Amino acid sequence: MPIRINFIRVFIGLILVALLLCLCTYHYTNFEEHLEYPATKMIQQDPESYDGLTIAKGGTVTEVGESSFVIMSMDRDIRFDFVIDTKEEVYPGDVVEVLGIFRSPNRILPDKMIVTPAQSQTMVYVRSLIGLLILVLAFFRSWKFDCKQMAFIPRRNQTNK
Amino acid sequence: MVDWLSHVLLAWIICQILSVKFKFFGGRNTAIVMIGALIPDIIKVGLLFRWMDIDIWDFIVPLHTPVGAVISAAVIALFFEEQMNAFKLLVFGMATHFLFDLPLAHVSGGMLMLFPFHWGRYQVYLIPTDDCIVPILASVVAIGIYIVKSRVRAKNWADS
């Protein structure tokens, strides 16, 4: 009897994972048709045709000049440097989201920009790590993994009150 | 992104409030809701790949959509004894995740809330992604609730 239950679980699990993969594949093969702004890959292939159009990009600051800075944007293994024409104070490592007019070959005149300082970004990861630690402690205080059943079962001393 | 500390604590706070009326959200079930609150962020595995110079982001985006997260919750629920209860709690946690991710500020775009049926992106653009007020507030409220609960429990124990 337990073997049958496990088989059903594995079967349902496989179906669900297959469904998830279908969803991911559907997105990957169709998302370019539904983009609000052109992808980095499209701009890199033919920058001239996007000249004067509004684009939205995000990336990490790699170089800072007096009246501009460079962000490195990554799109499906393609790295592309955009020069952002602004005097906004940024530092290498900061994460920038920018919406603006594209000027061929790689300049953006920003209309809207969000800068996340590198230190602030690191703090998000630190807080997330603390959150994960709290979650693991809270979860395993009430539940334990039973290898025979291949399932999480309540700890004996825990009641659901 | 709203950090995981905020997601986990906000899910815990909501469960503590709801458990006053609905016992289903209390006790050990709270931990399952907290797990659910991080399910859509399975997508963050993409950061690990990006660190290895591999960009899989456009492939795994559906994990951060309600439909994708519900399927992920169903997969995780299979690893519990009472699968249907676990599934309900995970989906509830997942809903809190989207609720608190919705007000995040970006220059454009948003979450694909109706994917794969519709490609519209939804976002409210209120809170910066690196905001530290939300985790601080959540921590203060969570500590407050924890202290009150501990005192009530101690009082009940002394009375009995």
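Every chain is numbered from 1 and lettered A, B, ... according to where its sequence line falls, protein lines coming before strand lines. Everything quoted here is computed from the prediction, not taken from an experiment.
Annotation: the span from A/I130 atom CD1 to B/S139 atom OG amounts to 8.5 Å, rounded to 0.5 Å. To the nearest 0.5 Å, atom CZ of residue B/F115 and atom NE2 of residue A/H34 are 8.5 Å apart.
Closest heavy-atom contact between A/A138 and B/A31: O-CB, 4.0 Å. Across every non-hydrogen atom of B/D3 and A/V124, the tightest pair is CB-O, 3.7 Å. The two residues B/A105 and A/E97 have their closest heavy-atom pair at O-OE2, 4.5 Å. Of all the heavy atoms in A/L20 and B/G68, the pair that sits closest is CD1-O, 3.5 Å. Minimum interatomic distance between A/L23 and B/P62 (heavy atoms only, all atoms of both residues): O-CG, 3.6 Å.
Contacts with chain A were tallied for B/I54, B/I56, B/L9; B/I54 has the most, counting heavy-atom pairs under 4.5 Å. Interface remark: of the candidates A/N30, A/V17, A/L129, A/I15, A/N30 forms the most heavy-atom pairs closer than 4.5 Å to chain B. For the options B/R121, B/E81, B/M34, heavy-atom pairs under 4.5 Å to chain A are most numerous at B/E81. The choice from A/C24, A/A151, A/P117, A/G131 that makes the most heavy-atom pairs within less than 4.5 Å of chain B is A/C24. Contacts with chain A were tallied for B/F79, B/W12, B/F59; B/F59 has the most, counting heavy-atom pairs under 4.5 Å.
For B/F49, the CZ atom sits in a loose shell: 12 or fewer heavy atoms of surrounding residues, nucleotides or ligands are nearer than 6.0 Å. Residue-environment remark: NE2 (B/H118) stays at or below the threshold of 12 foreign heavy atoms within 6.0 Å. Within 6.0 Å of CE in A/M150 there are 12 or fewer heavy atoms belonging to other residues, nucleotides or ligands. Within 6.0 Å of the CD atom in B/E82, the count of heavy atoms belonging to other residues, nucleotides or ligands does not exceed 12. Taking a 6.0 Å sphere around CG of B/L126, one finds it holds more than 12 heavy atoms contributed by other residues, nucleotides or ligands. Counting non-hydrogen atoms of other residues, nucleotides and ligands closer than 6.0 Å to CD of A/E63 gives a total of 12 or fewer. Other residues, nucleotides and ligands contribute over 12 non-hydrogen atoms within 6.0 Å of the CE atom of B/M52.
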Full working for side-chain contact (heavy atoms from CB on, under 4.5 Å) between A/L132 and B/V8: CA-CA 8 Å; A/L132 192 64; B/V8 164; over 6 Å; no
B/L78 and A/L16: CA distance, side-chain angles, deciding distance, side-chain contact (heavy atoms from CB on, under 4.5 Å) verdict: CA-CA 10 Å; B/L78 290 174; A/L16 289 169; 4.1 Å; yes
Candidate pair B/L47 and A/Y125, rule side-chain contact (heavy atoms from CB on, under 4.5 Å), full reasoning: CA-CA 11 Å; B/L47 291 175; A/Y125 293 129; 3.8 Å; yes
Evaluation steps, side-chain contact (heavy atoms from CB on, under 4.5 Å), between B/D53 and A/R79: CA-CA 10 Å; B/D53 273 352; A/R79 290 155 178 270; 2.2 Å; yes
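Using a 4.5 Å cut-off between heavy atoms, A/T29 does not touch chain B at all. Of the atoms belonging to B/L63, it is side-chain heavy atoms, and not backbone ones, that fall under 4.5 Å from chain A. With a threshold of 4.5 angstrom between heavy atoms, A/V126 does not approach chain B through any atom at all. Of the two parts of A/D111, neither the backbone nor the side chain holds a non-hydrogen atom closer than 4.5 Å to a non-hydrogen atom of chain B. Proximity to chain B (any heavy atom under 4.5 Å) is shown, for A/M123, by neither the backbone nor the side chain. Of the two parts of A/Y37, only the side chain, counted from C-beta on, holds a non-hydrogen atom closer than 4.5 Å to a non-hydrogen atom of chain B. When heavy atoms are compared at a cutoff of 4.5 Å, A/Q149 approaches chain B solely by way of its side chain, counted from C-beta outward. For B/P135, the part lying under 4.5 angstrom from a heavy atom of chain A is the side chain only.
B/I13 and B/I147 are members of different hydrophobic clusters when ILVMFWY side chains are connected at heavy-atom separations under 4.5 Å. Under a hydrophobic-cluster definition in which Ile, Leu, Val, Met, Phe, Trp and Tyr are linked whenever side-chain heavy atoms come within less than 4.5 Å, directly or via other members, A/L21 and B/L112 are assigned to the same cluster.
No side-chain heavy atom of B/P128 sits less than 4.5 Å from a side-chain heavy atom of A/I114. Between B/I35 and A/L135 there is a side-chain heavy-atom pair separated by less than 4.5 Å.
Under the 30°/60° scheme for interplanar angles, the aromatic rings of B/F80 and A/F152 are found to be tilted.
Here the side chain of A/H27 pairs a donor or acceptor atom with the backbone of B/D58 at under 3.5 angstrom. No donor-acceptor pair under 3.5 Å is formed between the side chain of A/R127 and the backbone N or O of B/L5.
A/Y26 and B/W119 have their aromatic ring centers within a separation under 6.0 angstrom.
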